[in-house]
Each structure stands twice: as structure tokens, then as C-alpha cells.
Amino acid sequence: MTTAPAPVTVAAAAPAPSLTSVFVRLKLSLLKNGLKQSGGRTAAYVASIVVSVLFAVGMMLGFLLLRGHTDAATVTVLLIGVIALSWTVMPLFVPSGDETLDPSRLVMLPLRPRPLVRALLVASLVGVGPVLTLCLAVGAALALARGAAGVVVAVLAVPLVVVVCVALSRAVAAANVRLLTSRKGRDLAVLSGLVIAVGMQLVNFGAQRLSQAGGMSSLGPAAEVVGWLPPASAVSAIDAAGDGDHLTAAAKLLLSAAAVAALAHWWQRSLVRLMVEPDGSTIGAASDAGAKDSSSSGLLGRLLPGGRTGTVMERSLRYIWRDPKTKAAWVTSLAIGAIVPLFNALQGTGTIYFACFASGMLGMLMYNQFGQDTSAFWMVAQTISTKADAYAELRARALALLTVTVPYTALVTAVTAAMLGQWDRLPEALGVAYALLGAMMATGAVASARFPYSIPQDSAYKNVAPGQGGLAWISIFGGMLAAALLSAPVLGLTLFLHLADHESLLWILLPSGMLYGALITWAGLKAAAPRVAKRLPEILAAVSKG
């Protein structure tokens, strides 16, 4: 008698998790694991949260105070427009270290573009920036919502503002990710310093002109135009609904909704192009560069001194021209160093001492000298075996920086004096500027030896390797504070001559400042050299981390 085989039960396959939930959990894991890397990174993130909360609370109170004011709509619409503009340029000009901005990391995964866009959009809503934008949108809605229709429109407008801002940022990042991550394309990053510096001064200039032109009422026409541009149109719809203009409110809401759809479509097309097309952004770059270098490789060398000094100076100067991040730092420093004193002089509110911004901004470039070499610093380290070698290396790097900084500082100071009509104060201002420059060169050399950190080259969105943010803060801001203290003798002499009414002796500040700057630079290089020679392996490990 045979026994029938027992029926085989097949377990039902577990349903696959939603792609959106996977990406949200991935974003949370990236945030959590990133905070575990170092105490400095955790402290910086917590500090950013605290600052954001305080800023959001202050803005919410400001919006509540605007409620019922005649200019409430103008202020809120323009503010949301500025926020949207910030989200647009953020991935291009203010790299934040968020690796999820780079969708090329997902190229090898079997993901369809439409679900991927949806998942990335929802995951992008996790973070300090979107929450802060949500708070500002809620505050704008509280300032404008009137009546039942206004409240209904506000409920729809607030999420639209946040989604449009985030989608705009991600679509711009996806469309430009290859340009920003390619070696040749990253040269465009040099525009960031110029755009930011000019933008800050234009905002300052505009604020002063606004106060002279009759206040916020003069911005009414601009607010009318911005009110039809998403996502500010969603906020403007709240005001229109409160006034009973329901047709206009609906049209403006639809504009913001259509913007979400258009941005998602643009984003999706960029992802498809990124994942199926080869990257040809750097094809031919090497041959072109070689052709250019062959005709001019010896020109710079003939202008510089011989030996190790000339070799190191040439290498440092070529970094300025060839390395995108080094070039970006230089353009930023050159732009701010000139714009701050010149714009203030143009407005008639400045002083010739603002020319010290030129020496101060360029002096900051002395900090983290070895970090710009990244892993290639091992080649430099092979040539350093004694304190004398380390001193020669640091001195040549300082001389390379001074070849640009010294004449640039003199030019900015002279132009500022001409614009202000204060030619008699040119020697004293230039002496103080050179003393400050020398102090920053000295502290920069010491900071380069004590607090080196890596500048990653494989990502357009990082300027400091993970876990080294604390080192960067200590190096730059600690060094700047020390430089201010080291400049005290020349500043004290300047104050004494003015208070003692020795105007005829103010000319001595120029040679005194130059001599003091040279001596303090020499002292800083001498102090840093032994530490460089002693800590070469540690410095190499630190600058190669990224």
C-alpha cells in the first residue's frame, strides 16, 4: 500500500519594499552614520540645527508681526522668491557635502527613472534645509491667510513651496552633476566666489538705497512680478484668496503645481541622460593642455629664482591656475578683498582701512598649505628630511603667495584712497594692511603644520574630508584670531599717533608695517618648520584622507 506524498507548500514571496521608503531609510542612515564619524561633525550638525531653529522661531515671530500690515504681501512674496533662488544656486555655488546630490552613484542599479525621481524627491525632504523652508512657508501663510478661502489656499500652498524648492535644487544638481564633478568642468566653480561676493554687496547696496527711496512700498512692482513665479506664486495665491480674487488664487496655485510637474520631468530626463550616455566632458582635455603647456612651460620658470625656491613657487602658482578648488579659493579672496572696500567707498560710508580686507582674505590662503596637495604631498614629503628643508618649502610657498598679495593689496588700498579722496592716509593704511598680511602668513604657516586637513578632489560638493571639519574650523578661525593679536603692535602705534596728534609722523607706519610684517612672517615660518619636519607622516596621512 503506497502512501501519497505530502503536499508541498510554497511560501509566498515577501513583497518588495517601496523604493521611496528604502531611499528615506538610506538618507536617515547616511545622516546617522555621518554623525558617528567624529565628535566635531556631530557638534557642527547640532549647532546647525540650533541656529536653524532659532532663525525659524525669529522669522515666525516676524511673520506674525507682519500680519495685517499693508506691506505683508510684498515682504513674504519677495522672501519666498529669495529662498527659491537660494535653493537653485545652492548645489552649484554653495556645496554642502551632501553626497545624495550626485545621482551618478546610482548608475549601476536597476532603477527606473520615474520611481527613482519620486523616491529621491521624498528622501530630499529629510534634512535641516527642507524643515527650515517649511517653517518659513508656514510663517508666510500665517502672515497672509485671511478668511476660510485664504486658509484653504494656505494649506495647499505651504507644501507646494517646499516641494518646488527641493525639486528645483535637485533638478539643477542632476542637470549639472557631470559638469561639476569633471576636472575641466569644476573650473566653473570659480564663479561661485565672485557671484556670492558681488551678490552680498549688491544686497547691502540695495538695502541702503531702499531705505533712501521710501521703504518697502517701492518694492511693490517687483513683488507683483515675483508673485507670478513659482513657488512665490503659491504664497501670492494666499493673499489673492484673502482678497476674494479666487480666480487669480487658483491660477497662481496651478502655476506652482505645474512647476513641480515640469521640474520632475526635467529631473527625469537628466537622470536618463546621466545613466545611459557616456561622459565626454573631459575628452581631449589632456591633449589640449599638453599643446598649451609645450609652448609656455619655461616662461614662468625664467621669471622665478633658481633652486628649490623657484621650483616650489612655480608649483604653487600652477596650482592656482590648474586646480579648480585652489582657483575657486583665489577668485573668492580676490573678489571679496576688492569688493568690500570699493563698494563701501562708492557708497560714501567706507574707510580706507577697509582695504585690509584684501590682505586679510588673501592671507587666509596660507592656511592648510599642504592640504591643497592632497595625496600628491607624499612626493613633496620625500624632499623634506630636516628643519632646513621644511623651512625652504614653507618659505617658497609663502613667497608664491606674496607675489600676488603684496601688489594686489597696494592696488586695492590706492584705489580705495582715490575713491575716498584720502591720499594722505594711504601710507598708514598700507602699513597696517602689510602688518596684518604678515601676521596671517605667520599663523597660516603654523596652522598648516599643526592642523592639516584634506581637500577631497573626487567630489564637487566637499571642501573638507569627513571627520576633519573641526580641524578646518580651528585652523582658519583660530589662526585669524591669533593674526589679529599679532597685528596689535602696529594697530596700537596707529592709534597712538592719531590720539597724540602726531599726524606728521603717520608716514612711518608704512615702513614699520612692512618691516613688522616681514619679521613676523619669518618668525612664523621658523616656528612651523620644525613641526613640519617632525610630523611629516601625520601631515601626509591627514592631507591624503579625502
Side-chain angles (χ1 to χ4, degrees), residues 51-90 125 127-169 203 206-207 210-211 213-263:
V51 172
S52 299
V53 169
L54 294 176
F55 179 74
V57 171
M59 291 300 296
M60 292 281 283
L61 292 175
F63 279 128
L64 290 176
L65 292 176
L66 274 176
R67 184 174 178 83
H69 196 277
T70 55
D71 294 324
T74 300
V75 174
T76 53
V77 168
L78 291 179
L79 179 62
I80 296 300
V82 171
I83 292 172
L85 179 62
S86 301
W87 275 95
T88 304
V89 303
M90 182 171 56
L125 297 174
V128 177
V131 173
L132 179 59
T133 304
L134 176 62
C135 293
L136 296 177
V138 170
L142 292 176
L144 296 179
R146 303 184 305 276
V151 172
V152 172
V153 173
V155 171
L156 299 175
V158 168
L160 273 177
V161 170
V162 180
V163 173
V164 170
C165 288
V166 174
L168 182 60
S169 175
V203 169
L210 179 63
S211 63
M216 295 302 300
S217 58
S218 60
L219 293 179
E224 288 289 337
V225 175
V226 176
W228 286 96
L229 301 176
S233 61
V235 175
S236 183
I238 303 174
D239 185 58
D243 292 338
D245 192 352
H246 299 152
L247 183 60
T248 301
K252 292 185 174 181
L253 273 180
L254 287 176
L255 274 176
S256 292
V260 173
L263 289 171

Residue pairs fulfilling side-chain hydrogen bond (donor to acceptor under 3.5 Å, both in side chains) with at least one residue in residues 128-138, sequence neighbours excluded: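 As it turns out, the side-chain hydrogen bond (donor to acceptor under 3.5 Å, both in side chains) pairs with a partner in residues 128-138, which skip direct neighbours, are Trp87-Thr133.
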Pairwise side-chain hydrogen bond (donor to acceptor under 3.5 Å, both in side chains) hits with a residue in residues 221-234, at least two apart: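 Non-adjacent pairs meeting side-chain hydrogen bond (donor to acceptor under 3.5 Å, both in side chains): Ser233-Ser256.
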Closest non-hydrogen atom pair between [X] and [Y], with its separation:
| X | Y | result |
| --- | --- | --- |
| Val226 | Gly81 | CG1-CA, 4.2 Å |
| Ala234 | Ala157 | O-CB, 3.4 Å |
| Ala72 | Leu144 | C-CD2, 3.9 Å |
| Val162 | Pro130 | CG1-O, 4.1 Å |
| Ala223 | Val77 | O-CG1, 3.7 Å |
| Thr76 | Ala73 | OG1-O, 3.2 Å |

Rounded to the nearest 0.5 Å, what separation is found between the [atom1] atom of [X] and the [atom2] atom of [Y]?
| X | Y | atom1 | atom2 | value |
| --- | --- | --- | --- | --- |
| Thr88 | Leu168 | OG1 | CG | 3.5 Å |
| Leu136 | Leu79 | CG | CG | 6.0 Å |
| Asp243 | Ile238 | CG | CD1 | 12.0 Å |

Apply the side-chain contact (heavy atoms from CB on, under 4.5 Å) test between Ile80 and each candidate in Val235, Leu85, Leu229; give the one that qualifies.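 Going through the options one by one, the only one that passes is Val235.
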Please test Leu247 against Asp245 for side-chain contact (heavy atoms from CB on, under 4.5 Å), starting from the C-alpha separation and ending with a verdict. CA-CA 6 Å; Leu247 183 60; Asp245 192 352; 4.3 Å; yes
Under 3.5 Å, side-chain donor or acceptor atoms of residues 58-70 against the rest of the protein: list the pairs with distances, not counting sequence neighbours.
from  : atom 1 : to     : atom 2 : distance (Å)
Arg67 : NH1    : Leu142 : O      : 2.5
Arg67 : NH1    : Ala145 : O      : 2.8
Arg67 : NH2    : Ala145 : O      : 2.9
His69 : ND1    : Asp71  : N      : 3.0

Looking at Ala232, is its backbone amide N or carbonyl O close enough to the side chain of Ser236 to form a donor-acceptor pair, meaning the two atoms are under 3.5 Å apart?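 Such a contact is absent between Ser236 side chain and Ala232 backbone.
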